[in-house]
Amino acid sequence: NPLVSTGILSGNDTICLGQTISLSITGNGGVILNWEKRLDGGVWENISNASGLYVETPDTEGLWEYRVAIDGGFCGALYSDTVLVLVNSFPGTIGAISGNTIVCTGSTTTYSVAQVENADSYVWILPDGYIGNSADTSITVNYVSGAISDTIRVYAQNTCGLSNISYLPVTVGNLPQITGTSPASRCGSGAVTIGAISSFGTVTWWDAPTGGNIIGTGTSFVTPVLYQDTVFYAEASSGSCVSLSRSPVAVTIKEVPVVNLGNDTSICNTQTVTLDAGNPGASYIWNNGATQQQITVNTSGTFSVTVTLSN
């Protein structure tokens, strides 16, 4: 006997968990014995349904297969083609957002959430002044000028829908900055005191404009003994907020004039002696009132001079 036609199955191919599928068979030439289904390539199970339409709401996610058994007479049961129905789940519950909750304008912070079950992507919702873009579990946020304290939000999504929303309140403050500095100078080697003022927070002293070593804290700093011009750097900080750059504070070591008038000497009453303070271009004050570099002496006495360089 010729085989009877097993017909053609049609119906949903992708649904979300909780939705209903509707399958039908047409063109079959024999009596429908029953429907069958299986999940993810498992064992076929019978469905007590002998009509050409089958409706159900799958209770488990995965790849379901459906087919119909047709009475083939002398040839026994014959099976229709198979319909595949992919059942997807909604995203799971999203957890807490991790990351800094106290930040400053001009700073950058990374936030993240744990991977959400069944999620295809993530949607981060940022307030004005919070700049960042991501469809993943983490996002890097740049807090630009105008950012104020607000809340970061994120949810997971897939083709079936959305998860719950996770919230993280963030407090935004201004970056501290150095508002004034007090450089210093001295004649010859030695230590000096320099200073810096911050808009708020703490002043930290460094030995380099970036990197380097911390050498002190506070609005004033006593340097070690210096032998040449040196620049120190002041940085303002408050908690995790640090000024965008360090402010240079210079120490100038000025040259000290060296004066040598020679040894004590004796002359006759008809003779003169010239005393030279050296250091051309400096200013001079002799104890006899003279103001030039050299003086000629023809009288007894003790002579001294104060020499001041132009620096």
Sequence neighbours excluded, which residues qualify as side-chain hydrogen bond (donor to acceptor under 3.5 Å, both in side chains) partners of [X]?
X	value
Gln115	Tyr122
Thr159	none
Asn298	none
Tyr66	Glu56

Is there a chain of hydrophobic side chains (I, L, V, M, F, W, Y, each step under 4.5 Å between heavy atoms) that links Leu168 to Tyr155?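 No, Leu168 does not connect to Tyr155 through the hydrophobic network.
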Connected via hydrophobic side-chain network under 4.5 Å: Val307 and Val297: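 Yes, it is one cluster - the side chains of Val307 and Val297 are joined through contacts under 4.5 Å.
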Heavy-atom donor-acceptor pair, Tyr167 side chain to Val154 backbone, under 3.5 Å: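 Judged by distance alone, no pair lies under 3.5 Å.
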Got a donor-acceptor contact below 3.5 angstrom from the Asn49 side chain to the Glu36 backbone?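 Here the side-chain-to-backbone pair does not exist.
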Would you tabulate the side-chain donor-acceptor contacts of residues 259-275 under 3.5 Å, counting partners in other chains and residues two or more places apart, or write 'none'?
{"unit_1": "Asn260", "atom_1": "OD1", "unit_2": "Gly262", "atom_2": "N", "d": "3.0"}
{"unit_1": "Gln271", "atom_1": "OE1", "unit_2": "Cys268", "atom_2": "N", "d": "2.8"}

Under 3.5 Å, is there a donor-acceptor pair linking the side chains of [X] and [Y]?
X	Y	answer
Asp136	Ser138	no
Asn118	Asn158	no
Ser121	Gln157	yes

pair [X]-[Y]: side-chain heavy atoms closer than 4.5 Å:
X	Y	answer
Leu63	Leu84	yes
Ile21	Val55	no
Leu53	Leu23	no
Pro209	Arg246	no
Gln293	Pro280	yes
Val249	Trp205	yes
Val172	Ile148	no

Disulfide bond (SG atoms under 2.5 Å apart) against Cys187, all qualifying residues, sequence neighbours excluded: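 Partners of Cys187 by the disulfide bond (SG atoms under 2.5 Å apart) criterion come out as none, since no residue qualifies.
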Do you know the tightest heavy-atom contact between Pro91 and Ala156?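 Scanning both residues, the minimum pair turns out to be CG-O, 4.0 Å.
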Other residues, nucleotides and ligands only: do more than 12 of their heavy atoms fall within 6.0 Å of [atom1] on [X]?
X	atom1	result
Glu117	CD	no
Asp128	CG	no
Ile165	CD1	yes

Kindly determine whether Leu309 and Asn279 satisfy side chain to side chain contact (heavy atoms under 4.5 Å, CB included), including the steps that lead there. CA-CA 8 Å; Leu309 299 179; Asn279 300 282; 4.1 Å; yes
Going through the distances and angles, do Ile94 and Ser163 end up as a side chain to side chain contact (heavy atoms under 4.5 Å, CB included)? CA-CA 7 Å; Ile94 196 167; Ser163 71; 3.9 Å; yes
Side chain to side chain donor-acceptor pair (under 3.5 Å) contacts touching residues 82-91 (sequence neighbours left out):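 Non-adjacent pairs meeting side chain to side chain donor-acceptor pair (under 3.5 Å): Glu61-Ser89.
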Got a list of side-chain donor-acceptor pairs under 3.5 Å for residues 99-112, not counting sequence neighbours?
{"unit_1": "Ser107", "atom_1": "OG", "unit_2": "Cys104", "atom_2": "N", "d": "3.3"}
{"unit_1": "Ser107", "atom_1": "OG", "unit_2": "Cys104", "atom_2": "O", "d": "2.5"}
{"unit_1": "Thr110", "atom_1": "OG1", "unit_2": "Thr140", "atom_2": "OG1", "d": "3.1"}
{"unit_1": "Tyr111", "atom_1": "OH", "unit_2": "Asn100", "atom_2": "O", "d": "2.7"}
{"unit_1": "Tyr111", "atom_1": "OH", "unit_2": "Tyr143", "atom_2": "OH", "d": "2.6"}
{"unit_1": "Ser112", "atom_1": "OG", "unit_2": "Ser98", "atom_2": "OG", "d": "3.0"}

Tell me the disulfide (SG to SG under 2.5 Å) pairs involving residues 269-311, sequence neighbours left out?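 Counting only pairs at least two positions apart or across chains, no disulfide (SG to SG under 2.5 Å) contact touches residues 269-311.
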Ring pair (Phe, Tyr, Trp, His ring centres under 6.0 Å) contacts touching residues 225-259 (sequence neighbours left out):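 As it turns out, the ring pair (Phe, Tyr, Trp, His ring centres under 6.0 Å) pairs with a partner in residues 225-259, which skip direct neighbours, are Phe221-Phe232.
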Is it true that the NZ or CZ of Arg67 lies under 6.0 Å from the centre of Tyr79's six-membered ring and within 45 degrees of the ring axis?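 Yes; both conditions hold, so Arg67 lies above the ring face of Tyr79.
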Test of understanding: with ring-ring contact (aromatic ring centres under 6.0 Å, His included), list the residues that count as partners of Phe90, not counting sequence neighbours.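 Per chain and number, Phe90 pairs via ring-ring contact (aromatic ring centres under 6.0 Å, His included) with no residue.
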Gap between atom OG1 of Thr291 and atom CG of Asn288 - 0.5 Å precision: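 Rounded to the nearest 0.5 Å, the CG-OG1 separation comes out at 9.5 Å.
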Enter the distance from Ile194:CD1 to Ser220:OG here, rounded to the nearest 0.5 Å.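 The distance works out to 9.5 Å.
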From CA spacing to verdict: side chain to side chain contact (heavy atoms under 4.5 Å, CB included), Val203, Thr217: CA-CA 6 Å; Val203 176; Thr217 58; over 6 Å; no
Results of salt bridge (charged side-chain N to carboxylate O under 4.0 Å, His left out) for Arg38 - residues two or more places apart only: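 Partners of Arg38 by the salt bridge (charged side-chain N to carboxylate O under 4.0 Å, His left out) criterion, ordered by chain and then number, come out as Glu65.
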